[in-house]
Novice: 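Right, I'll just put the structure down here and ask away after.
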Protein chains: 2
Amino acid sequence: MEIQGLTGRLLDELGPAIASGELPEGSVLRGEELEERFGVSRTVVREAVRILEGMRMVASRRRVGITVLPKSLWDVFDPMVIRWRLAGADRPAQLRSLGSLRVAVEPAAAALAAVHATDDDRRELSALAVELTVAAREADLNTFLGHDIAFHALVLRASGNEMFAHLGDTVGAVLTGRTEYHLMPHQPEPYAIRLHREVADAICSGHGEEAERAMRTIVTGALAELNQQLG
Amino acid sequence: MEIQGLTGRLLDELGPAIASGELPEGSVLRGEELEERFGVSRTVVREAVRILEGMRMVASRRRVGITVLPKSLWDVFDPMVIRWRLAGADRPAQLRSLGSLRVAVEPAAAALAAVHATDDDRRELSALAVELTVAAREADLNTFLGHDIAFHALVLRASGNEMFAHLGDTVGAVLTGRTEYHLMPHQPEPYAIRLHREVADAICSGHGEEAERAMRTIVTGALAELNQQLG
DNA sequence: CACTTGAATACGTCATATCTTTGAAGCGAT
DNA sequence: ATCGCTTCAAAGATATGACGTATTCAAGTG
């Protein structure tokens, strides 16, 4: 679900360059310069810049050029921005931000899911918790990661809140990144696994507060681990 | 900080039309049709569509046209999308989503602010709490609203989390909308005012848990009130 | 020194042409 | 009648030339 064509390719050059700080705040680009540098036409440059303008990473002004805006103005919830920042020099800061966001949102989502999840949601959640346990026991990290992502995305979706649901992919990106990052030398901790089952059980039986508490333990643990890794 | 020019104007026609459901999921537009309907050139249409594509509200495909994507794919955290939805038929759903989001995020932000707020932040927060109390006592609703928005935005910013900070404007839009919505026939509740002062005091003195608790009481109260209003 | 004026500049918009992709119609063979 | 291949046309994607317009900067003027 990405932007296609030359515009998309240019975007994937400019976005990361800005997100990583390679083009710092206040940098000025000229449209014609971008045309030459990337060998594309005005059309392509203008459309890519418009998209960046839509996410408030740049502003285009007559007689001045295309200015890189301060990070505080960026749409930091835009999945593209998040992906670019996770891929570049801003990765630690982005992981910290997302860690705190998870601590805030996921317990609330779990509590809501206990009320709003459909029967199908509950069944799938239970199944995922079981498969998670199996994959962990067999130390199958890739399978584990996939189920873990699906688990958290499902809780967020089952909350019935569209904004929470939308964070599913982002959380998935964090979990993927975390696995890649420290390469998961050890198998997942049994305690964390048990907590996932507790979340699933609590949501299935409609115990919102318990689901919230268990989920909070999971995400605060993840945040603590993250802070330890990042120093 | 809006998109300027004809592109911006077209965007402000198309965005709300899609957000309100006037152009439902699956609707197909042709670029040429938009050119004629709005009397603008291809350039303008394409750039506006590109921006909408960037927020995943539409997808453009050859031989088909510009298709309105299902709401579940939209970047629901994009400030433009939120504004458009708040302005149209989707307003109740958007208010509910934002209400839950506030319950999740603002208490966490308050807790973090107690640790990360600068001295200036703390001073400003105290001042705002006082001015809030004064405006409430004088039943000056506009002043009260302004300070209320500033208060919540400051807590979010002082949390030190850029993603939380970014929600300041959105929360402001919710508060503004709420005041406009039920026209605030009564003066703000003294209990809610006291809670704001508690939040400020707790953050100033570094008591994260107390700040979190007081803030949670505020936002859960707001959510309950909202649910009552919306049925 | 402050103000006005003008020219240079870079984006904004329009119009047109060509290329590329792709959905669908057409058509033949099994 | 259905499957599979070919062909065609529709619509977006890209390129390019022309002109409009706001904005900046500096020269000129009082």
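By convention in this document, chain letters (A, B, ...) are assigned in the order of the sequence lines, proteins followed by strands, and residues within each chain are numbered from 1. Since this is a predicted model, take the numbers as computed values, not measurements.
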Novice: So does B:Ser41 get a side-chain nitrogen or oxygen closer than 4.0 Å to the phosphate oxygens (OP1/OP2) of C:dT13?
Specialist: no
Novice: Check whether the ring centres of A:His147 and A:His196 lie less than 6.0 Å apart, and answer yes or no.
Specialist: no
Novice: Would you mind telling me which residue lines up with the more 5' stretch of DNA chain D, B:Ser60 or A:Val64, judged by nearest nucleotide?
Specialist: B:Ser60
Novice: When the distance from CD of A:Gln4 to P of C:dT21 is rounded to whole Å, what number comes out?
Specialist: 12 Å
Novice: Just the table, please: protein N/O against nucleotides 8-10 of chain D N/O, every pair under 3.5 Å.
Specialist:
none

Novice: Would you indicate what B:Leu29 reaches in the nucleic acid, counting non-hydrogen atoms under 4.0 angstrom: base, sugar-phosphate, or nothing?
Specialist: sugar-phosphate
Novice: Who are the side chain to side chain contact (heavy atoms under 4.5 Å, CB included) partners of B:Asp169, not counting sequence neighbours?
Specialist: none
Novice: What integer distance in Å separates A:Ile51:CD1 from D:dA13:P?
Specialist: 11 Å
Novice: D:dA13 C1' sits how many Å from B:Arg50 CZ, rounded?
Specialist: 8 Å
Novice: Counting only non-hydrogen atoms, which of residues 31-39 of chain B are less than 4.0 Å from DNA chain D?
Specialist: B:Gly31
Novice: I'd like to know whether CZ of A:Arg9 has more than 12 heavy-atom contacts from other residues, nucleotides or ligands below 6.0 angstrom.
Specialist: no
Novice: Could you check whether the side chain of A:Thr43 and the base of D:dA15 have a donor-acceptor pair of N or O atoms closer than 3.5 Å, going by distance alone?
Specialist: yes
Novice: Can you tell me the distance, in whole Å, between the CG atom of B:Leu6 and the C1' atom of C:dT13?
Specialist: 7 Å
Novice: Under a 4.0 Å N-O cut-off, is there an ion pair linking A:Arg85 with B:Glu162?
Specialist: yes
Novice: Determine the contact category for A:Arg42: base if any of its heavy atoms lies under 4.0 Å from a base atom, sugar-phosphate if only primed atoms, P, OP1 or OP2 are that close, otherwise nothing.
Specialist: base
Novice: Can a salt bridge be assigned to the pair A:Arg50 and A:Glu53 using a cut-off of 4.0 Å between side-chain N and carboxylate O?
Specialist: yes
Novice: Check this one for me: any side-chain N or O of B:Thr7 less than 4.0 Å away from OP1 or OP2 of C:dG12?
Specialist: no
Novice: Okay, side chain of A:Thr7, backbone of A:Ile3: is any donor-acceptor separation there less than 3.5 Å?
Specialist: no
Novice: Nearest 0.5 Å, what's the CZ-CG distance between A:Arg42 and A:Leu34?
Specialist: 13.5 Å
Novice: Is it true that A:Glu36 and A:Arg30 have a side-chain N and a carboxylate O under 4.0 angstrom from each other?
Specialist: no
Novice: Using atom types as modelled and distance alone, determine if a side-chain donor or acceptor of B:Trp74 lies under 3.5 Å from a backbone N or O of B:Leu69.
Specialist: yes
Novice: At under 4.0 Å, does any side-chain N or O of B:Arg46 touch on OP1 or OP2 of D:dA13?
Specialist: yes
Novice: Give the rounded distance in Å between these two atoms: CZ of B:Arg9 and P of C:dG12.
Specialist: 14 Å
